[in-house]
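Notes to accompany the following structure.
Letters go in sequence order (proteins before strands), and every chain restarts at 1.
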Amino acid sequence: MDETTLLERCRRGDDLAWEALVRAHQSSVYAVTRYYLHDAEEARDVAQEVFIRLYERLDAFAGGDTFKAWLLRMARNAAIDRLRRMKARPPATGVAFEELSLSSDDDPEKNAQFEARARLLERGVAELSEKNREVLLLKEIHGLKLEEVAELLGLPLGTVKSRSSRARIELAATLKRLDPSFGTGPS
Amino acid sequence: MKCDNRLEQLHALIQGGLEPADRDATLRHLEECGDCRGLFAALVDASLAPEDGDLVDSILARTCGTACDRAIALLPERLDGALDDVDRELVNRHLDRCSNCREISAILLRAQESLPLLAEIDPGPGFVEGVLDRTSRRPKREPLMDPFVTFLSNLVHRRRIAWEGAFVATLCLAVPIAAPGSPLAKLPAHALGIVREVPQQPAEAFDLLRASLADLESPVARGSAAAWDSAGTVVVRSSSAVWSGLSKSSSESWSVISRSFGTFVDSVASGQRSNENDPRQDAPGQDQEKNR
């Protein structure tokens, strides 16, 4: 079922459609709030607030950009608002490795490689500068387009483009330093 | 073939870029010209020899420096397919010769494929249920006006609503007029007076209206006298013929009504008096009183 149909059903009060929408996006919303808020409980609470706000404002999505970009913008704004209220600084590092539950393959060896690669990536991302890390999070990790990232961050398109390139190069250099064989291993 | 152009022709011959006719002509020339044969051999040896990387590096070091920084800066766009043809060709040529940049390119590609792994983090058990408990499973609140609208709808569809509505309307009309000290107490008398004493001419009616409004202390009557006079002139002129007909018929009708009503009242009154004098209607107590 495409997202437009799902949204339309939710607007009409279809509880099943709403549950499907929440399940489809819970992980990505939590990943964004978890990125900004170092505390897992705070991030979970904010992520739930995002969905509650979404439920009350389903009609507010006008369709100008993708639903995912709109939802992630809500998540980011909510997390930053919570940070301001907590008067805390953004985390210097990202999510703790053990909290990542990513793999879904039945093969233990593949799972191990999968987890190792993810941990390495997480370490590399954590070493990026804050500005580059945020652009990388939104564009490379969550797959938003350059235009969507620019609008979300309130930056010119050229700035986002150059930050994205610098972030990727910086990440590659860090990964090479941490594990020179990263680029040559099995995919 | 002139030997002045031999360098380009020989180079093209090695690269295989000559048309068949030109190639044949060049080969025939090589058979005849020893200088060109020597040059051709040198060019062939040079194309087959491995590149002198040290020479290239030393030249670059003394000129613009290594091109790795430039190549690496273009690698993300190369991966995205966003480079123009020239830049892409130049970067590819550099990658063919630079292992360090090749390694960076491979890491970039691997990272690009792997970063989406971090896009989703499981928030843990109970997250979805928590959201649903606070959204779709929450008892839905009715909009504020809904109970009121429901009440009105039920009220209007009751069987006796017409009677009840008339009763309420009558109270609303009667109470303001009949209440002690009400400023509208004189209104019925004024209305009756106007109807019973219907003027024969519109001018009289207009003056009567103006006087009634003044009597009721209406602000309209206190308006400009000139405005009233001019309005009165217009009304009189336009309605005198109609008015006289209406006033005549109105007077006649009122006479009929008053006669009929008076007859009815009299008949009711006489009926009551005859009942009072009928012995069959006496109460037991009254019999005993009469018989004393």
Side-chain angles (χ1 to χ4, degrees), chain A residues 10 13-16 18-19 22-23 26-35 40 43-44 47-49 51-52 54-56 94-95 99-103 114 117-118 120-122 124-125 136-137 140-143 161 164-169 171-173 175-176 179-180 182-185 187, chain B residues 66-84 87-88 91 94-95 98-143:
Chain A
C10 289
D14 187 340
D15 293 346
L16 279 175
W18 171 243
E19 182 180 353
V22 173
R23 290 195 189 278
Q26 58 165 333
S27 298
S28 52
V29 169
Y30 178 66
V32 169
T33 59
R34 192 65 181 85
Y35 167 79
R44 193 181 149 106
Q48 286 199 340
E49 288 291 333
F51 280 105
I52 292 163
L54 170 66
Y55 185 74
E56 293 167 356
V95 181
E99 295 191 34
L100 297 176
S101 51
L102 307 166
S103 58
F114 194 88
R117 197 192 320 166
L120 189 65
L121 279 169
E122 185 56 42
V125 170
L136 194 87
L137 169 80
E140 304 304 327
I141 294 177
H142 286 282
K161 195 174 175 183
S164 172
S165 290
R166 282 202 297 272
R168 290 160 78 179
I169 293 166
L171 177 65
L175 291 173
K176 185 184 173 189
D179 181 4
F182 180 79
T184 58
S187 58
Chain B
T66 63
C68 290
D69 289 344
R70 174 72 179 144
I72 289 173
L74 291 176
L75 285 177
E77 286 180 81
R78 176 178 172 270
L79 276 179
D80 295 341
L83 287 181
D84 60 41
D87 280 339
R88 188 175 63 247
V91 171
H94 178 85
L95 290 179
C98 181
S99 59
N100 182 60
C101 291
R102 267 202 308 277
E103 200 176 337
I104 296 285
S105 179
I107 293 175
L108 274 172
L109 178 62
R110 195 84 188 282
Q112 183 172 304
E113 293 167 351
S114 306
L115 277 171
L117 292 175
L118 305 181
E120 299 196 347
I121 302 175
D122 188 356
F127 180 86
V128 173
E129 284 71 24
V131 170
L132 297 180
D133 286 342
R134 294 167 74 180
T135 54
S136 58
R137 291 180 188 160
R138 193 177 57 193
K140 291 179 174 48
R141 290 178 301 191
E142 289 183 1

At a heavy-atom separation under 4.5 Å, does [X] approach chain B through its side chain, its backbone, both, or neither?
{"X": "Leu171(A)", "answer": "side chain"}
{"X": "Val32(A)", "answer": "neither"}
{"X": "Leu136(A)", "answer": "side chain"}

Can Leu132(B) and Asp15(A) be said to form a side-chain contact (heavy atoms from CB on, under 4.5 Å), step by step?
CA-CA 9 Å; Leu132(B) 297 180; Asp15(A) 293 346; over 6 Å; no

How about [X] and [Y]: do any of their side-chain heavy atoms sit closer than 4.5 Å?
{"X": "Val128(B)", "Y": "Phe51(A)", "result": "no"}
{"X": "Asp133(B)", "Y": "Gln48(A)", "result": "no"}
{"X": "Leu54(A)", "Y": "Thr135(B)", "result": "no"}

Residue Leu75(B) versus chain A: region with a heavy atom under 4.5 Å:
neither

Heavy-atom proximity to chain A below 4.5 Å, by part of Leu109(B):
neither

Take a 6.0 Å sphere around CZ of Arg70(B) and say whether it holds more than 12 heavy atoms from other residues, nucleotides or ligands.
no

Set out, in order, the CA-CA distance, both residues' side-chain angles and the distance that settles salt bridge (Lys or Arg N to Asp or Glu O under 4.0 Å) for Glu120(B) and Arg34(A), then state yes or no.
CA-CA 10 Å; Glu120(B) 299 196 347; Arg34(A) 192 65 181 85; over 6 Å; no

Would Arg134(B) and Glu56(A) pass as an ion pair if we require N to O under 4.0 Å?
no

Which heavy-atom pair separates [X] from [Y] by the least distance, and what is that distance?
{"X": "Pro123(B)", "Y": "Gln26(A)", "answer": "CG-OE1, 3.2 Å"}
{"X": "Ile169(A)", "Y": "Ala73(B)", "answer": "CD1-CA, 3.8 Å"}
{"X": "Ala119(B)", "Y": "Ile141(A)", "answer": "CB-O, 3.2 Å"}
{"X": "Leu115(B)", "Y": "Glu140(A)", "answer": "CD1-CB, 3.7 Å"}

Between Trp18(A) and Val131(B), is the side-chain contact (heavy atoms from CB on, under 4.5 Å) condition met? List the steps.
CA-CA 10 Å; Trp18(A) 171 243; Val131(B) 170; 4.1 Å; yes

Between CZ on residue Arg117(A) and CG on residue Leu118(B), distance to nearest 0.5 Å
11.0 Å

Could you give the distance from NZ (Lys176(A)) to CD1 (Ile104(B)), rounded to the nearest 0.5 Å?
4.5 Å

Is it true that the NZ or CZ of Arg110(B) lies under 6.0 Å from the centre of Phe182(A)'s six-membered ring and within 45 degrees of the ring axis?
yes

Tell me, with the steps shown, if Lys161(A) and Asp80(B) meet salt bridge (Lys or Arg N to Asp or Glu O under 4.0 Å).
CA-CA 12 Å; Lys161(A) 195 174 175 183; Asp80(B) 295 341; over 6 Å; no

Most chain B-contacting option - heavy-atom pairs closer than 4.5 Å, from Val22(A), Leu137(A), Val29(A), Leu121(A)
Leu121(A)

